[in-house]
Protein chains: 2
Amino acid sequence: MNQRQSMTDAGESGGAKPRRLGKNGDGAERHEAIYRTISDAIIEHRLKPGARLREDALAEVFGTSRTGVRKILQRLALEQLVTLTPRRGASVTRPTAEEAKDVFDARQMVECGLMPEVARHIKPDDVRELRDMARREREALKSGEQSRAIKLSAAFHERLAQLSGNATLAAFVGQLCSRSSLILAVYGSSGHLGCESHDHDDLIGFLEAGDGERATAFMGRHLKAIEASLSIVEEEQEAPDLHEIFGV
Amino acid sequence: MNQRQSMTDAGESGGAKPRRLGKNGDGAERHEAIYRTISDAIIEHRLKPGARLREDALAEVFGTSRTGVRKILQRLALEQLVTLTPRRGASVTRPTAEEAKDVFDARQMVECGLMPEVARHIKPDDVRELRDMARREREALKSGEQSRAIKLSAAFHERLAQLSGNATLAAFVGQLCSRSSLILAVYGSSGHLGCESHDHDDLIGFLEAGDGERATAFMGRHLKAIEASLSIVEEEQEAPDLHEIFGV
DNA sequence: CCAGGAAGATACGTATACAATGGCAGCCAG
DNA sequence: CTGGCTGCCATTGTATACGTATCTTCCTGG
């Protein structure tokens, strides 16, 4: 556990020459990669809600120090993917039923509201890209790779939002999609995945035709369908009501 | 109990050596307070866009170490209030014209979309609270305290969003309002502040009457008015065109 | 007189060490 | 036998030290 790799200055020991072309982004890129790895693991449900994320363990796994891990954890916490409890560390967020409703209401508002803009801005290249994403999602679903399908579905919705041209709202939609993956992990029934097979293709069709109105309505139904497929039951993991359980 | 640690006074006068001041359990609270202090300073334009925020200086001012400052800075960066350029430190974000448009488009969508919910959920106590906030804002505006007025205006909009009951969207609106303050700092004309004097009072009236539709329309006009009052001109902050400046 | 480079200073990024806190288990008293 | 308490352990939170990159300034050459 104490092995620290000194690969950073492996080839520059002798020179010590200040390089004008500073490849400064090395550390930042690595942390970005670690962030994405953890984020993907959460979104793909390889890390289940409630799983504890110890800083030491993560630091060892990724070959970095706790400092960098903490930074990543804080970022994930601000995106609500992990919960940071004050002296007890980080764990994958377990969304409450109320949060689930808020997230889907927000998606309903923002994603539907974005459809007209998307229909106006979309270009043939975008259509091809979206169709490719939808195809890969369908394939993943067909071959039983639920994790991959969920991630691809979230990526599809996020990409769609990006096409609106509003980076702020697109980033927000991205967060909402990530949180939706968590919600699916907790409240989703196993047999029924998030997005139906052909919904995304149909949506692309409306957008390609420039029919923002119909795309908006379709997106609304699409999201409602996902939300309706959830079995949102309060699990009372914190305070099981013994009176109710034992019937007194 | 082990109280072997004596509280050392936090002398903030010049020349004070970075001394370990009492770091018993209120560390989180103190950092929260520091975060709010910096955030307020930015929102109130006491820290102008482009101002550099050196970690050492902040650490010394607030009597903490760079570690804590970094955490706060990262949080502010994720909320887009400060920009973190690798190897060059933090500075107050200078929003671009495009970002300004995105932010106001987002506010248009979300805040207007929230009005019906707010009109449905609002209670007499909330009405009183909002009226009080609007009154304080008006007073600040009348007495020429632009900084205070801007902060109160942002707080008003954020509180309004909270009344919708959707915490996720409310938090998003809060971020948008903070960024709007920055945008006002850069693009706002000095004479014309963000929100008109009686707009907020009129809005409260619609909401109190439960007229979500009219409130939505009014909020839309309100935000459009703010956006229209901006003088969005590209300032070419990076490459000042000397030829143009010196007339050839 | 100007330009280019080198050296020093400054400030950020990372790692590590230390301190404090929450949880757990074993022990004692009622 | 049950309930509370006190000690230890594990883990996080904070601070400091070090390495490195960038920026500034000065010196030298053209």
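Throughout, protein chains are lettered first and strands after them, A, B, ... in sequence-line order, and every chain is numbered starting at 1.
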Using atom types as modelled and distance alone, determine if a side-chain donor or acceptor of [X] lies under 3.5 Å from a backbone N or O of [Y].
{"X": "Ser180(A)", "Y": "Leu176(A)", "result": "yes"}
{"X": "Tyr35(B)", "Y": "Lys71(B)", "result": "no"}
{"X": "Thr168(B)", "Y": "Asp102(A)", "result": "no"}
{"X": "Thr93(B)", "Y": "Leu81(B)", "result": "yes"}

Query raised in the report: Want to settle it: does Leu53(A) or Gly68(B) sit nearer the 5' end of DNA chain D, counting the closest nucleotide to each?
Result: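 On the 5' side of the pair lies Leu53(A).
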Query raised in the report: Want to settle it: does Thr67(A) or Arg88(A) sit nearer the 5' end of DNA chain D, counting the closest nucleotide to each?
Result: Arg88(A)
Provide, to the nearest angstrom, the distance between the [atom1] atom belonging to [X] and the [atom2] atom belonging to [N].
{"X": "Ile72(B)", "N": "dA15(D)", "atom1": "CD1", "atom2": "P", "result": "11 Å"}
{"X": "Leu84(A)", "N": "dG13(D)", "atom1": "CG", "atom2": "C1'", "result": "11 Å"}
{"X": "Arg87(B)", "N": "dG19(D)", "atom1": "CZ", "atom2": "C1'", "result": "10 Å"}
{"X": "Gln74(B)", "N": "dG13(C)", "atom1": "CD", "atom2": "P", "result": "9 Å"}
{"X": "Glu55(B)", "N": "dT14(C)", "atom1": "CD", "atom2": "P", "result": "11 Å"}
{"X": "Leu58(A)", "N": "dT12(D)", "atom1": "CG", "atom2": "P", "result": "9 Å"}
{"X": "Arg30(B)", "N": "dA20(C)", "atom1": "CZ", "atom2": "P", "result": "14 Å"}
{"X": "Asp56(A)", "N": "dC9(D)", "atom1": "CG", "atom2": "C1'", "result": "14 Å"}

Ignoring backbone atoms, establish whether [X] has a side-chain N or O less than 4.0 Å from OP1 or OP2 of [N].
{"X": "Ser65(B)", "N": "dA15(D)", "result": "yes"}
{"X": "His31(B)", "N": "dT14(D)", "result": "yes"}
{"X": "Arg70(A)", "N": "dT12(D)", "result": "no"}
{"X": "Lys71(A)", "N": "dT14(C)", "result": "yes"}
{"X": "Thr64(B)", "N": "dT14(D)", "result": "no"}

Query raised in the report: What nucleotide among dA15(D), dA11(C), dT12(D) has an atom nearest to a side-chain atom of Arg54(B)?
Result: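 That would be dA11(C).
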**Report entry** Note, Thr37(A) side chain near Asp40(A) side chain (heavy atom, < 4.5 Å)
**Finding:**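 Of all side-chain heavy-atom pairs linking Asp40(A) with Thr37(A), none is under 4.5 Å.
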Report task. Mark yes or no for a side-chain to base donor-acceptor pair under 3.5 Å between Arg66(A) and dG13(D), with no hydrogen or angle criteria applied. Result ->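 By the distance-only test, yes, there is a pair.
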